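Quick one: structure below, then a few questions.
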Amino acid sequence: MSPKTETKTTPRHPGRGRGKARATPKGRQVDPCALTRMRALLGESPLRRDLLIEYLHRIQDHYRCLSAAHLAALAQLMKLSMTEVYEVASFYAHFDIVKEGEAEPPAHTIRVCDSIACQLAGAEKLLADLRAAGPANTRIVRAPCMGRCDAAPVAEVGHFHALNAGVDDLLDAVASGRTHPQTPACTDFDAYRAAGGYALLADCLAGKRAPEDIIAALDDSALRGLGGAGFPAGRKWKIVREYHAPRLMAVNADEGEPGTFKDRHYLESDPHRFIEGMLVAAWANGIDKCYIYVRDEYPAARELLRGELEKVCAAGLISHTAWEIRRGAGAYICGEESAMIESIEGKRGLPRNRPPFVAEVGLFGRPTLEHNVETLHWVRDIVEKGAAWFADAGRHGRKGWRSFSVSGRVRMPGVKLAPAGITVNELIAEYCGGMAAGHAFKGYLPGGASGGILPASLADVPLDFDTLHEHGCFIGSAAIVVFSDADNMKDVALNLMRFFEDESCGQCTPCRIGTEKAARLMEKPRWNVELLAELSTVMADASICGLGQAAGNPINCVLKYFPDDL
């Protein structure tokens with residue numbers, strides 16, 4: 001017998017046997033039952049790649065977790081690789097992935113916010129007391145900022161937010177099955193329209209206004225982006241209009257910055273002022289479709305917004321564009337505009353390298369107008385009341401109004417509408433009722449977790465874009481967290497760094513490794529000042545996006561302004 005013939009008749013893997021039929025194809029098999037359940041759950045929904053995160057939410061809401069069988073079935077239905085589905089599901093904090101052989105999560109989950117405002121209000125004690133109480137079939141986990149810092153400490157049972165939370169409140173919510181969000185009272189469509197709402201939009205659609213006039217009003221008012229970057233709004237509209245259609249809009253309602261909650265406040269109290277601003281922007285910029293990205297921590301705002309938008313549609317006021325609400329999944333990095341766009345496209349929220357910029361190559365590769373909620377909230381008032389009305393509101397030589405999210409050691413925390421350029425001393429005295437009883441002012445965050453920490457000795461610096469840079473800080477989204485003599489700034493900085501460590505997307509090494517290394521160094525009783533300063537510089541110089549670039553700000557400020565706390 002020739003060697004060739006012998007090769008054909010000899011089994012390649014002795015011991016397996018010859019002629020044995022394989023029961024299934026090689027590789028992971030899709031469970032037929034899981035596939036049937038996924039088909040029923042998705043129904044007639046389009047199986048587009050950009051809807052992957054929406055469908056992961058649908059599965060999680062129904063089953064409380066994502067099993068390997070769920071992910072494999074979803075991948076087959078959407079004609080995606082298992083890797084693509086798993087890498088997206090595992091990127092976002094709000095998806096609970098149960099691996100093969102692991103037990104499903106308990107029936108109830110209590111998430112306790114441990115970000116800075118809640119830490120000041122006793123989040124650590126609340127966590128300890130809940131664990132001591134040991135509610136049956138319930139897990140207790142830490143969670144980042146939930147956007148309700150004015151009612152700290154905050155905890156979440158399902159989608160129910162317990163404000164000023166206590167152990168008894170949370171145990172009662174679990175026992176009674178209270179897991180749904182509370183629908184807030186707001187100025188609804190009928191009330192808003194009765195007070196003159198949508199007259200501006202109607203004039204635009206009827207040709208009584210020109211896009212150039214709207215843009216000129218924004219320019220004259222000096223309105224800047226109020227999500228943190230501060231880019232002039234009118235100039236952004238001009239840039240987007242220069243690019244060829246189709247154009248899209250991405251609205252950023254994913255304010256995950258610890259201490260920030262102003263966008264939630266406007267969505268839950270006066271949603272139509274924002275909606276009208278968005279629709280006017282869509283008309284003026286020739287936008288084909290508006291995507292509104294709302295963070296998963298805001299379920300009540302998301303459902304309220306959907307209902308009110310449907311009323312606007314029914315009234316025939318959205319004939320010039322289309323809209324869609326997209327749900328975030330627990331990723332602070334998606335507040336960065338390009339990471340948000342990646343998430344809307346159904347991907348991991350990894351920031352893009354630029355150029356090209358979002359205005360030119362944004363959502364689905366199209367020119368994209370990106371704004372946060374508050375910026376669009378001001379459009380109607382600026383056009384109807386005049387640019388001077390807005391611009392002349394500032395103090396200390398600054399222009400415009402600002403919505404300050406104030407929390408921490410003050411008597412009356414909350415969203416404070418105040419002139420741009422107001423100082424923290426003025427804000428506390430005039431809008432917050434002074435410091436909380438028994439507390440003496442020590443320092444403050446002027447721009448949330450990433451904006452740095454300033455001492456009370458610098459509380460007369462005007463709060464606005466560009467005024468804080470010489471002190472190593474920035475205003476960002478105007479999240480003001482006030483500290484007192486009861487607080488150690490070393491502990492504050494560690495809380496902020498742990499947040500950055502947890503929320504880093506991991507795409508770039510300086511941020512991924514730098515935040516982790518900094519947090520470990522900051523946990524030590526004595527800081528290695530030289531090494532921390534070097535880490536801060538590397539993160540600022542070499543990180544891709546603002547998270548890593550600003551992560552060292554708390555370190556720098558403690559070293560510079562609070563050496564006695566080290």
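Residue numbers count from 1 along this sequence. None of these values were measured; they are calculated from a predicted model.
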- Message: Could you check whether Arg273 pairs with Asp381 (Lys NZ or Arg NE/NH1/NH2 to Asp/Glu carboxylate O, under 4.0 Å)?
- Response: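 Yes, Arg273 and Asp381 are salt-bridged.
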
- Message: Under the criterion side-chain contact (heavy atoms from CB on, under 4.5 Å), I'd like the reasoning laid out for Leu304 against Glu308: C-alpha separation, chi angles, the key distance, then a yes or no.
- Response: CA-CA 6 Å; Leu304 186 153; Glu308 295 302 315; 4.0 Å; yes

- Query: Minimum heavy-atom separation for Cys204 to Ile214, with atom names?
  - Reply: SG-CD1, 4.4 Å

- Determine, stepwise, if the pair Arg39 / Leu77 fulfils side-chain contact (heavy atoms from CB on, under 4.5 Å). CA-CA 8 Å; Arg39 284 197 179 105; Leu77 284 175; 3.7 Å; yes

- Item | Pairwise distance CZ(Phe274) to CD1(Ile292) - rounded to 0.5 angstrom |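 Rounded to the nearest 0.5 Å, the CZ-CD1 separation comes to 4.5 Å.
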
- Item | Shortest non-hydrogen contact from Pro462 toward Thr467 | O-OG1, 2.5 Å

- With no hydrogens and no angle check, is any side-chain donor or acceptor of Arg411 less than 3.5 Å from a backbone partner on Gly433? yes

- Item | Under 3.5 Å donor-acceptor, Arg247 side chain and Ala359 backbone |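 No, because the side chain of Arg247 does not come within donor-acceptor range (under 3.5 Å) of the backbone of Ala359.
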
- Scan residues 205-214 for pairs that pass salt bridge (charged side-chain N to carboxylate O under 4.0 Å, His left out), counting only residues two or more places apart or in two chains.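 Counting only pairs at least two positions apart or across chains, the salt bridge (charged side-chain N to carboxylate O under 4.0 Å, His left out) contacts touching residues 205-214 are Glu212-Arg241.
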
- Cation-pi between Arg193 and Phe189: NZ/CZ under 6.0 Å from ring centre and within 45° of the ring axis?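 No, Arg193 does not lie over the aromatic ring of Phe189.
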
- Item | Side-chain heavy-atom pair Cys313, Trp323 within 4.5 angstrom cut-off |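 They are in side-chain contact.
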
- What one should report as the nearest heavy-atom pair of Gly227 and Thr375 is N-OG1, 4.5 Å

- Message: Within a 6.0 Å radius of atom NE2 on His320, are there more than 12 heavy atoms belonging to other residues, nucleotides or ligands?
- Response: yes

- Message: Please determine whether side chain to side chain donor-acceptor pair (under 3.5 Å) holds for the pair Glu303 and His159, giving the CA-CA distance in whole Å, both sets of side-chain angles, and the decisive distance to 0.1 Å.
- Response: CA-CA 12 Å; Glu303 293 311 309; His159 290 300; over 6 Å; no

- Under 3.5 Å, is there a donor-acceptor pair between the side chain of Arg395 and the main chain of Pro419?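 No: the side chain of Arg395 does not pair with the backbone of Pro419.
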
- Message: Apply salt bridge (Lys or Arg N to Asp or Glu O under 4.0 Å) to residues Asp219 and Lys238 and explain how you reach the verdict.
- Response: CA-CA 10 Å; Asp219 277 338; Lys238 291 176 185 175; 2.7 Å; yes

- Query: Donor-acceptor pair, Lys385 side chain versus Phe390 backbone, under 3.5 Å?
  - Reply: no

- Query: Does the side chain of Cys334 come within less than 4.5 Å of Tyr92's, by heavy atoms?
  - Reply: yes

- Message: Taking the cut-offs as 6.0 angstrom to the six-membered ring centre and 45 degrees off its axis, would you call Arg295 and Tyr298 a cation-pi pair?
- Response: yes

- Spacing of Ser115 atom OG and Met146 atom CE [to the nearest 0.5 Å]: 8.5 Å

- Task: Could you check Arg49 against Leu52 for side-chain contact (heavy atoms from CB on, under 4.5 Å), going step by step and ending with a plain yes or no?
- Result: CA-CA 6 Å; Arg49 174 67 173 80; Leu52 174 58; 3.6 Å; yes

- Message: Once rounded to the nearest 0.5 Å, what's the spacing between atom CZ of Arg352 and atom CD of Gln507?
- Response: 11.0 Å

- Leu463 side, atom CG; Arg402 side, atom CZ - distance, nearest 0.5 Å: 10.0 Å

- Do Leu71 and Leu56 touch side chain to side chain, with heavy atoms closer than 4.5 Å?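 Yes, at least one pair of side-chain atoms sits under 4.5 Å.
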
- Query: Is there side-chain contact between Phe499 and Asp114, with at least one heavy-atom pair below 4.5 Å?
  - Reply: no

- Item | Non-hydrogen atoms of Leu468 and Pro446 that approach each other most closely | CD1-CB, 3.6 Å

- Item | Under 3.5 Å donor-acceptor, Arg264 side chain and Gly147 backbone |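 At least one qualifying donor-acceptor pair exists.
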
- Query: How many angstroms lie between CD1 in Ile428 and CD1 in Ile480, if you round to the nearest 0.5 Å?
  - Reply: 9.0 Å

- Item | Polar side-chain atom of Thr321 near backbone of Asp288 as donor-acceptor pair, under 3.5 Å |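 Between the backbone of Asp288 and the side chain of Thr321 there is a qualifying donor-acceptor contact (under 3.5 Å).
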
- Task: Determine, stepwise, if the pair Lys236 / Glu370 fulfils salt bridge (Lys or Arg N to Asp or Glu O under 4.0 Å).
- Result: CA-CA 9 Å; Lys236 183 180 287 189; Glu370 190 275 341; 3.8 Å; yes

- Message: Whether the side chain of Asp169 engages the backbone of Ala165 through a donor-acceptor N/O pair (distance < 3.5 Å, no angle test) should be reported.
- Response: no

- For the side chain of Ser405 and the backbone of Phe261, is there at least one donor-acceptor N/O pair under 3.5 Å apart?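 The answer is yes, because a donor-acceptor pair under 3.5 Å joins these two groups.
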
- Message: I need the full list of salt bridge (charged side-chain N to carboxylate O under 4.0 Å, His left out) pairs touching residues 320-339, with sequence neighbours left out, sorted by first then second residue.
- Response: Asp50-Arg326, Asp61-Arg327, Lys289-Glu324, Asp296-Arg327, Glu324-Arg326, Glu336-Arg354, Glu337-Arg354

- Task: Step through the shown structure and confirm whether more than 12 heavy atoms of other residues, nucleotides or ligands are within 6.0 Å of NZ on Lys416.
- Result: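 Yes.
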
- Identify the two heavy atoms, one from His377 and one from Tyr266, that lie closest to each other, and give their separation to 0.1 Å. CE1-CD2, 3.4 Å

- Message: Just so I know, are the side chains of Arg380 and Leu201 near enough to count as touching, which here means a heavy-atom distance under 4.5 Å?
- Response: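 They are not in side-chain contact.
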
- Message: Would you say that Leu226 contacts Ser403 through its side chain, given a criterion of any heavy-atom pair below 4.5 Å between the two side chains?
- Response: no

- Note on the structure: Trp237 and Ala281 have their tightest heavy-atom pair at CZ2-CB, 3.4 Å

- Task: Answer whether the closest heavy-atom distance between the side chains of Val312 and His272 falls below 4.5 Å.
- Result: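 In contact.
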
- Task: For side-chain contact (heavy atoms from CB on, under 4.5 Å), just list the numbers for Arg348 and Cys505, CA-CA rounded to whole Å, side-chain angles, deciding distance to a tenth of an Å, and then say yes or no.
- Result: CA-CA 9 Å; Arg348 295 177 293 168; Cys505 75; over 6 Å; no

- Item | Verdict with reasoning, Asp172 to Arg178, per salt bridge (Lys or Arg N to Asp or Glu O under 4.0 Å) | CA-CA 8 Å; Asp172 179 67; Arg178 191 161 14 116; 2.5 Å; yes

- Message: Could you check whether any side-chain heavy atom of Ile275 comes within less than 4.5 Å of a side-chain heavy atom of Tyr198, counting everything from C-beta outward?
- Response: yes

- Task: Could you check whether the rings of Trp389 and Trp378 sit parallel, tilted or perpendicular, using 30° and 60° as the cut-offs?
- Result: tilted

- Keeping the roles fixed (side chain from Asn252, backbone from Gly335), state whether a donor-acceptor pair exists under 3.5 Å. yes

- Message: Show, in sequence, the C-alpha distance, side-chain angles and deciding distance for Phe364 and Tyr291, and conclude whether the ring-ring contact (aromatic ring centres under 6.0 Å, His included) test is met.
- Response: CA-CA 11 Å; Phe364 305 117; Tyr291 290 83; 5.8 Å; yes

- Message: Does Phe404 form a ring-ring contact (aromatic ring centres under 6.0 Å, His included) with Tyr431? I'd like the steps, not just the answer.
- Response: CA-CA 10 Å; Phe404 294 93; Tyr431 291 84; 8.2 Å; no

- To the nearest 0.5 Å, how far apart are SG in Cys545 and CD1 in Ile333?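 Rounded to the nearest 0.5 Å, the SG-CD1 separation comes out at 3.5 Å.
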
- Message: Donor-acceptor check, side chain of Glu360 to backbone of Tyr243, threshold 3.5 angstrom: yes or no?
- Response: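 Such a contact is absent between Glu360 side chain and Tyr243 backbone.
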
